[in-house]
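Fair warning: this is a prediction, and the values are worked out from it, not measured in the lab. We use all heavy atoms of the structure for the numbers below, so side chains are in, but hydrogens, waters and symmetry mates are not. Order of the sequence lines fixes the chain letters, A, B, ..., with proteins taken first and strands second; residue numbering starts at 1 for each chain.
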2 protein chains.
Amino acid sequence: MNNRRPTGTDVARLAGVSKSAVSRVYAGGFVSEEARERIVEAARILKYRPNNTARSLTTNRSHLIGLAITGLDNQFYPLMVDLLHQALRDAGYRMVLFVTHGEADLDPVLDELLGYRLDGVILASSSHAARVGHECLEAGVPVVMLNNVDPEDRVPGVCTDNVAGAEEIARFLLDGGHRQLGVVSGLEESLAAAERAAAFTRIVEAHGEATVRTECGHFSEDGAYAAASLLLSGPNRVTALFCVTDFMAFFALAAARNLGLEPGRDVAIFGFDDDPISSWRAFQLATFRQPLEEMVATAVDMLAAQIRGQALPMGTRRLAGKIILRLSASFA
Amino acid sequence: MNNRRPTGTDVARLAGVSKSAVSRVYAGGFVSEEARERIVEAARILKYRPNNTARSLTTNRSHLIGLAITGLDNQFYPLMVDLLHQALRDAGYRMVLFVTHGEADLDPVLDELLGYRLDGVILASSSHAARVGHECLEAGVPVVMLNNVDPEDRVPGVCTDNVAGAEEIARFLLDGGHRQLGVVSGLEESLAAAERAAAFTRIVEAHGEATVRTECGHFSEDGAYAAASLLLSGPNRVTALFCVTDFMAFFALAAARNLGLEPGRDVAIFGFDDDPISSWRAFQLATFRQPLEEMVATAVDMLAAQIRGQALPMGTRRLAGKIILRLSASFA
DNA sequence: CACATTTGTGGGAGCGTTCCCACATGCGGG
DNA sequence: CCCGCATGTGGGAACGCTCCCACAAATGTG
């Protein structure tokens with residue numbers, strides 16, 4: 001344990017060259033073929049590996065990207081993390097994870113985000129992410145919002161075209177003959193979710209003969225269950241339900257069944273995201289698929305461009321999604 | 001963008017002290033109250049934040065812990081990541097995430113684990129983690145295995161007492177009168193899962209009148225579905241099924257229903273983990289709860305002890321779990 | 001054959017910290 | 001009054017790398 005790790009100087013000594021030559025081998029410069037071979041061989045013997053910390057200090061690049069994300073209970077997020085991890089790896093970056101729970105967590109996270117010399121930050125938190133984004137912008141740290149939007153439209157970001165998606169679902173349900181519609185909304189701080197609820201409501205209200213009621217599901221299990229239960233019971237109960245996330249829709253399905261209503265027969269239920277478990281036999285949830293691969297790739301591209309120093313057009317890129325019909329809305 | 005971040009020297013100049021004094025404020029040394037105030041004020045004005053990279057270079061501590069974990073589709077893992085993140089945060093560490101998919105991914109990950117001067121590594125990958133563990137050991141990097149065991153018992157680790165858990169499930173099913181039992185096993189590289197299958201089998205075979213058949217579920221959706229379908233059909237189909245992970249059990253539930261068998265009435269199905277969604281109404285899966293909070297806390301403690309330089313007793317700590325009875329095994 | 005040009009090389013400063021050491025103070029006791 | 005001894009302080013080396021610059025050797029040109 002006491003034998004410290006070998007340094008570039010050690011390798012240089014063994015190979016009979018200068019440490020500059022060693023550096024050139026690993027940082028990509030010109031070295032004669034002969035010297036390169038000797039250096040690589042020496043490095044192999046000593047088990048040398050360049051110290052990334054020291055390297056970062058001079059190059060001012062850490063190759064570390066921070067990812068801030070809300071609690072991973074919503075299965076859609078782990079999938080996003082996985083894809084993001086791959087995309088970042090392919091682009092030569094490592095991922096430092098920051099899991100937040102609510103707003104209180106955000107400030108210490110922010111502190112660390114800035115204290116560590118991260119090359120960039122991806123904000124996939126559902127709440128209050130814009131505030132963090134503004135601070136990054138101010139500190140000159142490249143930043144991208146993913147699956148969320150900055151109300152002030154200053155932080156660059158990428159998300160699904162929430163409006164088009166919610167509208168398509170609304171039209172589908174209206175076309176299916178539904179006139180009493182319900183929305184299980186998320187927290188107000190999440191603009192992406194708010195956009196979905198608003199767009200859905202707008203279409204229904206424009207129809208004239210249809211009505212829409214909204215209950216807040218708070219992005220939580222109990223919240224969604226309670227909201228759906230409320231909307232699905234009483235004298236003017238709804239016949240179709242739009243939950244702004246699949247995660248909440250799963251609890252709406254449970255609430256419906258608890259009331260003796262079979263989704264797809266007695267009530268139509270839609271989610272949003274296309275969470276991987278939506279297609280499971282137990283749920284078969286109709287939803288709107290976010291183009292996750294494309295979103296992730298775009299976000300990483302946008303971030304990489306900023307890191308390269310390219311000024312970015314501000315604002316949010318909105319990618320097209322796709323409605324996915326499954327059993328839970330089959331009779332609509 | 002061009003105005004570089006302020007350094008400790010900048011702060012020292014503004015406060016009229018030396019950079020040593022500034023360092024003392026942030027690294028925790030003795031500074032007179034008056035000087036401290038002036039420094040803090042100057043830092044506030046300049047928006048100074050110590051550069052962690054430079055700090056790491058001298059202290060040889062990065063406060064970065066690497067977490068290697070297999071694909072996050074199994075919901076149990078995101079939960080683990082979340083808890084681990086919190087525990088590491090509380091202990092003053094940040095988490096660098098490495099998501100692996102199969103064995104091929106492991107070598108490049110290992111390279112990066114060692115190249116980055118991580119203070120320690122947590123291996124929660126289900127497969128081949130021991131190999132990576134050995135290499136860390138060799139390189140002198142503190143390492144802990146979580147929810148997995150090293151067959152050679154050299155890498156310290158913590159997991160649930162898989163044997164006791166699987167045995168308890170087996171006895172419960174035998175006591176319930178089941179005589180034709182089935183196991184949906186995982187991949188062979190995962191020793192933790194193998195332990196469960198083996199312990200279950202041992203108890204059943206010791207019974208004398210009961211038989212047990214095993215099919216490999218490969219930890220995958222399709223694999224588990226196929227394995228369960230096989231076990232639940234044919235002339236000598238099983239009446240009780242033990243899946244070595246909840247994730248696979250969800251597909252066993254689906255397979256059973258697809259065959260017209262209602263879990264908890266026509267067939268008993270057990271998982272292992274107590275994945276958060278096991279308790280959902282759509283599943284109500286009987287299972288064995290891993291003491292995740294305790295496991296995570298123990299793993300972080302063990303890692304921190306190694307980082308402090310304490311030699312650790314080798315081998316795996318096995319924590320007690322708890323059987324959780326739910327509808328899927330109610331008639332047993 | 002003198003000179004420019006290419007090619008590879010080593011020396012050394014610098015990145016922003018920490019930490020050791022030397023050195024000023026202020027103060028009480030011999 | 002001078003010595004010891006706390007108590008703060010600043011200077012400067014060190015961490016392991018990159019990268020600029022100067023320079024040597026090999027090659028090409030008039």
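- The bend of the helix from dC1(C)-dG30(D) to dG30(C)-dC1(D), defined by the angle between the axes of its first five and last five pairs, stands at 60° to the nearest 10°.
- The interatomic distance linking N51(B) (CG) with dT18(C) (C1') rounds to 13 Å, in whole Å.
- Looking at residues two or more places apart in sequence or on another chain, you find a side chain to side chain donor-acceptor pair (under 3.5 Å) between D82(B) and H101(A).
- Once you apply a 4.0 Å limit to the heavy atoms of chain A, the touched nucleotides of DNA chain D run 5' to 3' over dG16(D) to dC19(D).
- Within the 4.5 Å cutoff, the side chain of L303(B) has heavy atoms near those of the I122(B) side chain.
- Judged as a side chain to side chain contact (heavy atoms under 4.5 Å, CB included), and not counting sequence neighbours, the contacts of S23(A) are A27(A).
- Using a 4.0 Å cut-off, no side-chain N or O of S20(A) falls inside it from OP1 or OP2 of dG11(C).
- Listed by first then second residue, pairs satisfying salt bridge (charged side-chain N to carboxylate O under 4.0 Å, His left out) with a partner in residues 129-156 of chain A read E103(A)-R131(A), D107(A)-R131(A), E152(A)-R154(A), not counting sequence neighbours.
- Mapping R117(B) and V31(B) onto DNA chain D by nearest heavy atom places V31(B) closer to the 5' end of the strand.
- Every residue was checked against the side chain to side chain contact (heavy atoms under 4.5 Å, CB included) condition with A297(B), not counting sequence neighbours, and none meets it.
- Judged by distance alone, with hydrogens and angles left aside, the side-chain atoms of T58(B) form a donor-acceptor pair with the main-chain N or O of R55(B) at under 3.5 Å.
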Find every protein N or O atom lying less than 3.5 Å from an N or O atom of nucleotides 13-15 of chain C, and list the pairs.
{"unit_1": "dA13(C)", "atom_1": "N6", "unit_2": "K19(A)", "atom_2": "NZ", "d": "3.4"}

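- Nucleic acid contact for V22(B): none, since no nucleic acid atom lies under 4.0 Å from a heavy atom of the residue.
- Residue contacts shown for S23(A) include a base, since a base heavy atom lies under 4.0 Å away.
- S62(A) contributes a side-chain N or O that, together with a main-chain N or O of R117(A), makes up a donor-acceptor pair within less than 3.5 Å.
- Rounded to whole Å, the distance from OH on Y26(B) to P on dT18(C) is 11 Å.
- Of the possible donor and acceptor atoms, none in the side chain of T53(A) sits under 3.5 Å from a partner among the backbone N and O of T53(B).
- Evaluation of the side-chain hydrogen bond (donor to acceptor under 3.5 Å, both in side chains) test over residues 24-41 of chain A, restricted to residues two or more places apart or in two chains, returns E34(A)-R38(A), E41(A)-R44(A).
- Residue pairs that meet the side-chain hydrogen bond (donor to acceptor under 3.5 Å, both in side chains) test with at least one member in residues 8-19 of chain A, sequence neighbours left out, are R4(A)-D10(A), D10(A)-R13(A).
- The interatomic distance linking L46(B) (CG) with dG16(C) (P) rounds to 14 Å, in whole Å.
- In the region residues 32-43 of chain A, proximity to DNA chain C at under 4.0 angstrom, judged on heavy atoms, holds for S32(A), A35(A).
- Residue E188(B) qualifies as open at atom CD: its count of foreign heavy atoms under 6.0 Å is 12 or below.
- Listed by first and then second residue, the ring pair (Phe, Tyr, Trp, His ring centres under 6.0 Å) pairs involving residues 51-72 of chain A are H63(A)-Y93(A) (not counting sequence neighbours).
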Pairs under 3.5 angstrom only: tabulate donor-acceptor contacts from the side chains of residues 85-92 of chain B to other protein residues two or more places apart or in another chain.
{"unit_1": "H85(B)", "atom_1": "NE2", "unit_2": "L97(A)", "atom_2": "O", "d": "3.4"}
{"unit_1": "H85(B)", "atom_1": "NE2", "unit_2": "V99(A)", "atom_2": "N", "d": "3.2"}
{"unit_1": "R89(B)", "atom_1": "NH1", "unit_2": "E112(A)", "atom_2": "OE2", "d": "2.8"}

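- When the C1' atom of dC20(C) is taken as reference, atom CZ of F30(B) falls 16 Å away, rounded to whole Å.
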